[in-house]
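One structure is given below, encoded as structure tokens.
Any value given below was found using the heavy atoms of this structure, including those in side chains, with hydrogens, waters and symmetry copies removed. Below, chains carry the letters A, B, ... as their sequence lines are ordered, and counting in each starts from 1.
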Protein chains: 2
Amino acid sequence: MRYIVIGAVAGGMTAAMKIRRNDDKAQIVVYDKDTDISYSGCSLAYYISGVIKDRKSIVPRDVEYFKKFNVEVKTSHKVLRVDPKTKSVLVKDFSTGNMFEDRFDKLIIATGAQAFIPKIEGINLEGIFTLRNVKDADKIKEYIEKTGPKKALIVGGGYIGLEMAEALSLLGMEVLIVEKQKNILPNLDDDMARLVENYLLQKGIQIRNDSSVLRFEGEGKVKEAVLSDKSKIPADFVLISVGVRPNTEFLKDSGIELLENGAIKVDEYMRTNIEDIFAAGDCAAVYFKLNGKTMYVPLGSTANKMGRIAGENATGGNLRFNGILATSIFKVFDLTIAQTGYTEKMARQDEIEYEVGHVTKPHISTAYPGAEKITIKALAELSSRKIIGAQIVGTKGVDKRIDVLATAIYSGLTVDDLFQLDLAYAPPFSSAKDPIHYVGMVMSNFLDKRKFNCTQEKLLQRMKNGGDFVVLDVRTPEQYQKKHIKGAINIPLEMIYQKINQLPKDKPIIVYCNSGVSSNIAQNILQQNGFRKVCNLSGGILNVTLPELLEGE
Amino acid sequence: MRYIVIGAVAGGMTAAMKIRRNDDKAQIVVYDKDTDISYSGCSLAYYISGVIKDRKSIVPRDVEYFKKFNVEVKTSHKVLRVDPKTKSVLVKDFSTGNMFEDRFDKLIIATGAQAFIPKIEGINLEGIFTLRNVKDADKIKEYIEKTGPKKALIVGGGYIGLEMAEALSLLGMEVLIVEKQKNILPNLDDDMARLVENYLLQKGIQIRNDSSVLRFEGEGKVKEAVLSDKSKIPADFVLISVGVRPNTEFLKDSGIELLENGAIKVDEYMRTNIEDIFAAGDCAAVYFKLNGKTMYVPLGSTANKMGRIAGENATGGNLRFNGILATSIFKVFDLTIAQTGYTEKMARQDEIEYEVGHVTKPHISTAYPGAEKITIKALAELSSRKIIGAQIVGTKGVDKRIDVLATAIYSGLTVDDLFQLDLAYAPPFSSAKDPIHYVGMVMSNFLDKRKFNCTQEKLLQRMKNGGDFVVLDVRTPEQYQKKHIKGAINIPLEMIYQKINQLPKDKPIIVYCNSGVSSNIAQNILQQNGFRKVCNLSGGILNVTLPELLEGE
């Protein structure tokens, strides 16, 4: 049995090695147009910044390595065409310029994706880069070393843009991010994205939201960018990071079904519409576990799973992919940002009725040195009480909580289950009630309608609608003085019994404190003293990121 | 409604505060015989070592704090008796010596546990301590500061013993641990416990397993201990950490049902056998989620859950406890040790048919600086394919994986599900295939009988039984030379095709490498070339901790 794999990075090499493990007699040939294979695409920003020093760390394996397993990897070989009828591929060998045909019994397409390059005037000027593979990183490193750029412009505030913002900042550049959407990190909800924006501003990174680049200017080399508001931004280094497109151009006339964006359509077994042809990794689409819909979310973790499944099923197996939760994580400076499952944006699109909650808690016991607060935003479905999504921002312990929540969502756990989880507690690792437990407790209360919650977006909407309600700040007068919600009255928690008669029982009250603990207590007291509609401002004022809502010193 | 809570630490104060949140009008009185309340019992070793500097960090709340919530905490008040008929408790006020009765509508017993003190001659000598509460820690700190002990003896190699081994070692003492069982950490399986023992030996901690103390000697102050083998161990500091007993002596004639060890029997709603009397925390028993059996596993994380449930149900709620997985974690020096669910020991007791696997993988991407290997031992049930237990030892990232596995076990996930989990990947946080994914892949192969696994214990048994089989080391000759399994032959992986005819097809082959990657490949090759019974040595030679199995330089 002869297997051809196109593409020698995550999906392709995982598939090839799985085929080898399953079939010792298989002939396996892998074609890749590049010379670097099996590299860690997610490490490139760290290689550029110098956090990862050795190029070999991100390209740990070469052709020789795979030869030991009798897997033939042919680099600088580009597959130009796939012909399902003759079960063959047309290959061009870049080193010789020769073209040849090669026959397969089973084919696995794992050609990955390439950086999308928007049509902008001047985009071909020197000093403008994309970052997708090791060669890109080499070029960027070389350019920085040679020319010592001072002002970097990053077009696109996704996670690659942000990882590179850190890298370029560490290399001494002033960094400005231009983002087309209302906020950077369009895959997050706006409130969480703004937490990240506030952090980046503190770190000296500038951000222009709702903006795009009209044209780049310079002679030969980029010198400045003209933005959509006509402002001119000097820049001697530009990174374009506005997403990727699947490398599937060569499949256009093959009969292999592609989605509108060019991604290969596969079923849960990584089978394309054509027998004996499989696809895996960033060139293919996946499906979202929670609604079964096809999605294009190119990530290394998913590519590895798809590769294994393709390899298994190409050798006669029957391994099904259970779908993704679009779980992702990245760090920028000391901040970690992670998400899994539904965001509010996605839930609204799917017309899911959900409740949302914010929990800000220390990542380990405050008794132990080094505790840092993390903020979790969670979504639960009203009807099923299932936890369906989470976004986390914080400096430590974010990866643990997102993985626990991804596991909980995969398993269909309810918010009530979260409180019950027997998570490991010792002061250096967590608190006796982990942030996950708090998410469970808070969300259970919301869903039981024992507590009402109000997001900052809803509060702003109510204000705009001119609703008749009271906003109550239960922190100290000093805290209130410094910063508070516009129009809020201040009654510190310990005065609440004394002053309870000053509050109107017939109006909705929206109560808040810093992160929700004191306001939760105040909410209890008010509710039990005949106040019918008391809402907690989700996450407290520390998580309020809409500037329109805030006033103070 | 008048609520009395006995005990003002984790279970008690959680219950009291939950009652307050649910019932603003409730009268709540909490009695505690101690003066420190609501303290972090799990932080004591760190307070002694000085890692936690401020006593206030571990006793962050006082009587005044709870007064703000209208919760009356009476310290130095010991409850001597509970009378369910009159619904009253008899209380002794230590400050005045007065006794009085107090009536309750609902009672919550949360008296915790005390250190067990074995009957050993000389145990009352000065310099011999237990560690359970803040006063104990104060005494130990004072004694160490005053007398500057040099040689510490720790009786009992559980997690408190080990945490204290670190603390005392950091304070400059030579430390020896005496453990009654075959290995320290009797709650772990022996193979994993030995990994910890090997680490401790490197750290200069001495260990005497299968040993106990016959008597302590000294004049007034402890000077040495005589062990069961008659050896004399000089010691000017002794910690007794051989477990705890529930504080329930005062309930003996109350009619409240106790288990044999004195723990209060509660149902899933924290109700005792007597109406309106609840119990929570270390004074009560819990049930193991996986078999429904009652267990006594006193842990702070569980106490918090029980307290909340007791408080909720005492105020008319209906919150059910879903049981524990006995999840625990602790660190000793830089090593973290964690477990959840079934160990092999427990699974054998329950006569569960299970498969076991060991996975040793880096905790983050090896491309990124700082990757450290962790070893996961996993148990899966044969019939259901469910993951039912895990033990992890490593320096970093252990807490994340145990929490993911605890969530998976809670959810009833199979080993096949583990591979499918959409865990968050970026090089600073994990590898594209997380160790959890490897656990899933490895265990699925075992359960499918595509691969056979052999633990070191089984290998030793086979050797002792004089079985006719081959042990094959597929590492380099240099590695083989240094250390190998007794009687193993060495064929490096890249020579395996060449020398395959030297191996007998009719005999079982047990193949190994360092941690299982190369041996997995060898196993594939052999299986596909007609070798019927090829077993992989679980976890590789790096995880072999039975000295009888090893030989070399």
Using side chain to side chain contact (heavy atoms under 4.5 Å, CB included), reason through B:K305 and A:H437 one step at a time and then give a plain yes or no. CA-CA 9 Å; B:K305 289 195 190 77; A:H437 294 131; 3.7 Å; yes
Where do A:N524 and B:N22 land on the side chain to side chain contact (heavy atoms under 4.5 Å, CB included) test, with the steps shown first? CA-CA 7 Å; A:N524 279 307; B:N22 284 355; 5.7 Å; no
In sequence, state the C-alpha distance, the side-chain angles, and the governing distance for A:F429 and B:T336, and then conclude on side chain to side chain contact (heavy atoms under 4.5 Å, CB included). CA-CA 10 Å; A:F429 304 104; B:T336 303; 3.4 Å; yes
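For A:D417, the parts lying near chain B are the backbone and the side chain together; criterion is any non-hydrogen pair under 4.5 Å. For A:P60, no part sits under 4.5 Å from any heavy atom of chain B, backbone or side chain. Only the side chain of A:Y497 comes within less than 4.5 Å of a heavy atom in chain B; its backbone stays farther off. Looking at A:I324, the atoms closer than 4.5 Å to chain B (heavy atoms on both sides) sit in the backbone and in the side chain alike. At a 4.5 Å heavy-atom cutoff, A:M17 makes no contact with chain B through either its backbone or its side chain. Interface remark: A:L413 contributes side-chain atoms only to the contact with chain B (heavy atom separation under 4.5 Å). Heavy-atom distances place the side chain of A:Y410, and not its backbone, under 4.5 Å from chain B. With a 4.5 angstrom heavy-atom cutoff, A:F69 touches chain B only via side-chain atoms. When heavy atoms are compared at a cutoff of 4.5 Å, A:A338 does not approach chain B at all. Using a 4.5 Å cut-off between heavy atoms, A:L421 touches chain B through backbone and side chain atoms alike. For A:T14, the part sitting under 4.5 Å from any heavy atom of chain B is the side chain, from C-beta outward, and nothing else. Neither the backbone nor the side chain of A:K67 comes within contact range of chain B; no heavy atom of the residue lies under 4.5 Å from a heavy atom of that chain. For A:A303, no part lies under 4.5 angstrom from a heavy atom of chain B. The part of A:R308 that comes within reach of chain B is its side chain, from C-beta onward, which places non-hydrogen atoms under 4.5 angstrom from that chain.
Taken from CG in B:N304 to CG in A:D434, the straight-line distance is 11.5 Å, to the nearest 0.5 Å. For the atom pair OH (B:Y368) and CD1 (A:I52), the distance works out to 7.5 Å, reported to the nearest 0.5 Å. Distance check: B:D403 CG to A:S430 OG gives 6.5 Å after rounding to the nearest 0.5 Å.
For A:Q420 (side chain) and B:G323 (main-chain N/O), no donor-acceptor pair under 3.5 Å exists by modelled atom type.
Taking A:A367, A:A426, A:S365, A:S57 one by one and counting their heavy-atom pairs under 4.5 Å with chain B, the maximum is reached by A:A367. Chain B forms more heavy-atom pairs under 4.5 Å with one residue of A:N322, A:L299, A:I436, A:N70 than with any other, namely A:N322. No other option in A:T302, A:V404, A:V398 has as many heavy-atom pairs under 4.5 Å with chain B as A:V404. Listed options A:E163, A:R20, A:K331 were ranked by heavy-atom pairs under 4.5 angstrom with chain B; first place goes to A:K331.
Proximity of B:P369 to A:V51: side-chain heavy atoms (C-beta onward) are separated by under 4.5 Å at one or more points. Using a 4.5 Å heavy-atom cutoff, the side chains of A:S328 and B:Y425 are not in contact.
Checked for salt-bridge contact, B:D422 and A:K289 miss the test: no charged N lies under 4.0 Å from a carboxylate O.
Side-chain contact check for A:D24 and B:N529: at least one donor-acceptor pair (N or O, by modelled atom type) lies under 3.5 Å.
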